[in-house]
Number of protein chains: 2
Amino acid sequence: MLSKRSQYAFKALTYLAEKYNAGPVLISEIAKKKKIPLKFLENILLQLKKEGYLDSKKGKGGGYFLIQNPKKVKIAPIIRIVNGPISMLSCVSLYFYKKCKDCDGQNCGLKEMMTEVRDASLKILEHRTLQDLIV
Amino acid sequence: MLSKRSQYAFKALTYLAEKYNAGPVLISEIAKKKKIPLKFLENILLQLKKEGYLDSKKGKGGGYFLIQNPKKVKIAPIIRIVNGPISMLSCVSLYFYKKCKDCDGQNCGLKEMMTEVRDASLKILEHRTLQDLIV
DNA sequence: TTTTCAGTCTACTGGTTTGGTAGGGTGAAT
DNA sequence: ATTCACCCTACCAAACCAGTAGACTGAAAA
């Protein structure tokens, strides 16, 4: 399941996508409109800035804004950043891979199945963008 | 991600699937062969028994065993029992549905996307069985 | 009928993650 | 110099996770 943090992140990003190229948006505006705790949101946006999705301006007329066109921003990497692995097993994860110790033998039925599930999910999440979140 | 508990559950179930119709299997045997902490495994198997997947016999010659043919036991419901929802959002979950409060409006881009992801995953997990975990 | 075997049950614990809150710091604009 | 608005560090309670301890029950065999 996506954490609350992740859901807030997507709400905020969707809001910023709607306001793309319309200048900086206040954290407080996003917080109010999307009903997200202000300080929590600050923290989330800061992370998204550090990861290269957002930029910000301080002082009067400041705020946050998307760096890239929302049509170009894929969903999957955002999930990885705010929520962690997309796979159901780390031994199957592309970006958070960890060998599962005590996994008897090289072939594991669960692993195969979870690889399929991962690919099915990625097929969707790697192709959809922030633009698709705007309704 | 599947919790350790879930992974242990699948290891144990796979082991029991291999020994289907071969009489009760000791918890201690499963624990040893699959390298699962004994008391933790006890707890997991007990839950699977209560949920109707396993039965057990006490005393000498006792142990756990699958009630149904592993070919008939689907993966998805097991995940729901030991790990929780399969969906990435509760407002999209079939078995753990919860309305997301403050989800502005009835249509939500994230929700649509996560419904697709859920369906893609279920297409796999609702059709595969314990039998498929045996390699 | 006592012992042994093996699953059942309750409770606890230490560590990590989640979902926040508090408050001061920094830097740009007026 | 003040105000505005993001930046940063630290802290906190509750929930969850992984596992442990130990006593109890019920079946089978000696």
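No experiment lies behind these values; they were computed from the predicted model shown. Letters A, B, ... are given to chains in the order of the sequence lines, protein chains preceding strands, and every chain is numbered from 1.
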Practice task
Please determine if a side-chain N or O atom of A/Y8 lies less than 4.0 Å away from the OP1 or OP2 oxygen of C/dG20.
Solution key: yes
Handout entry: Between P of D/dC11 and CG of A/N43, the distance in whole Å
Key = 16 Å
Problem - Pair B/K19 + B/E29, salt bridge at N-O below 4.0 Å - result: yes
Exercise for the section: Check every strand shown and say whether B/L45 touches a base, only sugar-phosphate, or nothing at a heavy-atom separation below 4.0 Å. Expected result: nothing
Problem - Proximity to the side chain of A/S56 - top-ranked nucleotide from C/dA6, D/dG22, D/dC6 - result: D/dC6
Handout entry: Nearest listed nucleotide, side chain of B/K58, among C/dG7, D/dG19, C/dT26
Key = C/dG7
Exercise for the section: Please tell me which of A/K60 and A/K50 maps to the more 5' nucleotide of DNA chain D, matching each residue to the nucleotide holding its nearest heavy atom. Expected result: A/K60
Problem - A/S87 side chain vs A/S90 backbone, donor-acceptor pair below 3.5 Å - result: no
Exercise for the section: Starting at atom CG of A/L41, determine the distance to atom P of C/dT18, rounded to an integer number of angstrom. Expected result: 18 Å
Practice task
Side chain of A/K4 only, please: which of C/dG19, C/dG7, C/dG27 is the nearest?
Solution key: C/dG19
Practice task
Establish whether the base of D/dG26 is bridged to the side chain of B/K57 by a donor-acceptor pair shorter than 3.5 Å.
Solution key: no
Practice task
Grab the CD-P distance between B/Q47 and C/dC9 for me, whole Å please.
Solution key: 13 Å
Exercise for the section: Could you tell me whether B/E126 and B/R80 make a salt bridge, using a distance below 4.0 angstrom between a side-chain N and a carboxylate O? Expected result: yes
Problem - Proximity to the side chain of B/P37 - top-ranked nucleotide from D/dC7, D/dG19, C/dG7 - result: D/dG19
Completion exercise
Taken to the nearest whole Å, OH/A/Y64 to C1'/D/dC6 is 6 Å
Practice task
May I ask you to test the B/F96-B/I86 pair for a side-chain heavy-atom distance under 4.5 Å?
Solution key: no
Exercise for the section: Return the value, rounded to whole Å, for the distance between atom NZ of B/K49 and atom C1' of D/dG26. Expected result: 11 Å
Practice task
Could you tell me the separation between the CE atom of A/M1 and the C1' atom of D/dA15, rounded to a whole number of Å?
Solution key: 14 Å
Completion exercise
Of B/E42 and A/S3, the one whose closest nucleotide on DNA chain C sits nearer the 5' end is B/E42
Completion exercise
Closest to the side chain of A/K39, out of D/dC8, D/dC6, D/dA18, is D/dC8
Completion exercise
Here the distance between atom C1' of C/dG19 and atom CG of A/L2, to the nearest Å, is 15 Å
Practice task
State which of C/dC9, D/dC7, C/dG20 makes the closest approach to the side chain of A/F40.
Solution key: C/dG20
Handout entry: Distance, rounded to the nearest Å, where B/L38 contributes CG and D/dT20 contributes P
Key = 9 Å
Exercise for the section: For the residue pair A/V117 and B/K123, establish whether any side-chain heavy-atom pair is separated by less than 4.5 Å. Expected result: no
